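The structure under discussion appears below in the form of C-alpha cells.
Computed from a predicted model, the values in this text were never measured in an experiment.
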Amino acid sequence: EPNDADAYHHRAHALYNLKRFPEAIDDLMRAIHLRPDDAHLRAVRGVAYREVRQFEPAIADLEVAFAHEPDQPDVRESLVICCRIRAWRLANGPEPRDLDRAVALGRRAVDLAPGESNPLNSLGVVLYRAGRYDEAIANLDRGFIASRGLIDATFRFYRAMAHHRLG
C-alpha cells in the first residue's frame, strides 16, 4: 500500500536495526510525506542521518522533532551531538569553513545542554577559530569545570592558544 505511512515507518525501523540507513531514510521520507507533522518520524530520520554523518539534514529533522516534543531526552541528546559535531567540522574540518554557522550550531548545542562539558569545549574551539578569544577561553573554562578536571588535552591546547593570541 503506497499510502500507508505506518508500513513505511515500521519497515524503516527494521532497516535501521539492520544498519541499512540509506534505505531507512528513504522509507522515512515516504512516511513523512504522508504524515509531515509526525515528530517521531522526524526524530528517527534525524538519527538515521546522523548515522550516515549527514549532519545538516539530521539537525533539520531533529529540530522539528524537538519543537514538537521538547521533553524527549533522546531527541535532545541527538540534536546536541549533531550540532556539536557539525560546528566542529565547519570550524576545523576539511570542508569549506563557515564560522558563523559553526558558532550558531555551537551555541545551540550549549543552549540544549548548558552544563555539559563537550558542547562547552566544542563551542570554545569554534570561538577560537572565529577569532573570539575571550569568549573561547570563557567557554573552555566552563567546560573544564563541567568535566570536573577531566578535560581532553586538545581543549587545553586551544585555551593556551587563545591566551597566546591575547598576549
Side-chain angles (χ1 to χ4, degrees), residues 16 21-22 24-25 28-29 32-33 36-148 150-167:
Y16 183 94
F21 303 116
I25 290 167
L28 288 162
M29 281 186 183
I32 290 167
H33 177 74
D37 295 329
D38 189 316
H40 173 73
L41 295 175
R42 293 291 185 131
V44 174
R45 188 173 70 175
V47 173
Y49 274 127
R50 186 184 90 189
E51 291 290 340
V52 295
R53 306 190 69 73
Q54 293 183 25
F55 295 107
E56 288 292 345
I59 292 166
D61 276 342
L62 292 166
E63 286 286 10
V64 170
F66 184 74
H68 282 82
E69 297 178 5
D71 54 342
Q72 295 294 318
D74 292 342
V75 173
R76 178 186 297 265
E77 180 182 341
S78 290
L79 184 55
V80 169
I81 290 167
C82 289
C83 287
R84 189 174 58 78
I85 292 171
R86 183 67 179 142
W88 181 276
R89 286 181 158 197
L90 287 170
N92 299 295
E95 55 207 60
R97 290 188 178 176
D98 182 349
L99 294 174
D100 291 336
R101 176 79 173 139
V103 169
L105 289 171
R107 290 194 192 289
R108 180 68 173 139
V110 169
D111 289 345
L112 291 165
E116 293 183 20
S117 63
N118 284 334
L120 287 164
N121 289 324
S122 294
L123 177 58
V125 171
V126 168
L127 289 166
Y128 170 82
R129 290 289 187 197
R132 297 157 89 169
Y133 306 119
D134 287 325
E135 290 177 80
I137 292 166
N139 279 280
L140 291 164
D141 286 347
R142 289 174 49 212
F144 181 77
I145 292 166
S147 73
R148 295 177 182 82
L150 301 173
I151 194 167
D152 185 293
T154 302
F155 301 116
R156 290 183 185 204
F157 180 66
Y158 276 98
R159 186 177 180 279
M161 291 192 306
H163 275 289
H164 175 75
R165 293 289 183 141
L166 292 172

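Interatomic distance, R165 CZ to D134 CG, rounded to the nearest 0.5 Å: 13.5 Å. Interatomic distance, F157 CZ to H164 NE2, rounded to the nearest 0.5 Å: 10.0 Å. A distance of 9.0 Å separates CG in L140 from NE2 in H163, rounded to the nearest 0.5 Å.
For the pair M29/H33, no side-chain contact is recorded, criterion being any heavy-atom separation below 4.5 Å from C-beta on. Using a 4.5 Å cut-off on side-chain heavy atoms (C-beta onward), R107 and V103 make contact. Between H68 and R42, every side-chain heavy-atom pair lies at or beyond the 4.5 Å cut-off. The shortest side-chain heavy-atom distance between I25 and Q54 does not fall under the 4.5 Å cut-off. Here the side chains of E69 and V75 are not in contact, with every heavy-atom distance at 4.5 Å or above. You'll find the side chain of L112 stays beyond 4.5 Å of the side chain of P119, heavy atoms only.
Smallest separation of non-hydrogen atoms from S117 and G143: CB-O, 3.3 Å. What you find for A87 and V126 is that their closest heavy atoms are O-CG2, 3.7 Å. Of all heavy-atom pairs between R108 and C83, the closest is CG-SG, 3.9 Å. In plain terms, the two heavy atoms of I137 and A162 that are nearest each other are CG1-CB, 3.6 Å. Among all heavy-atom pairs drawn from L62 and A43, the shortest one is CD2-O, 3.8 Å. The heavy-atom pair separating R84 from S122 by the smallest distance is CG-OG, 3.1 Å.
No donor-acceptor distance shorter than 3.5 angstrom exists from the side chain of R97 to the backbone of L90, with no hydrogens or angles considered.
The number of heavy atoms from other shown groups lying within 6.0 Å of CD (E135) is above 12.
Screening L127, V125, N121 for a side-chain contact (heavy atoms from CB on, under 4.5 Å) involving N139 leaves a single residue, L127. When each of D61, I59, V47 is paired with L79, the side-chain contact (heavy atoms from CB on, under 4.5 Å) condition holds for I59 and for no other.
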R53/I85 under side-chain contact (heavy atoms from CB on, under 4.5 Å): CA gap, chis, key distance, verdict
CA-CA 9 Å; R53 306 190 69 73; I85 292 171; 4.3 Å; yes
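Applying the ring-ring contact (aromatic ring centres under 6.0 Å, His included) criterion to Y133, with sequence neighbours excluded, gives Y128.
Note on E56 versus R101: salt bridge recorded, some NZ/NE/NH1/NH2 to OD/OE distance being below 4.0 Å.
Here Y16 and F21 bring their ring centres to under 6.0 angstrom of each other.
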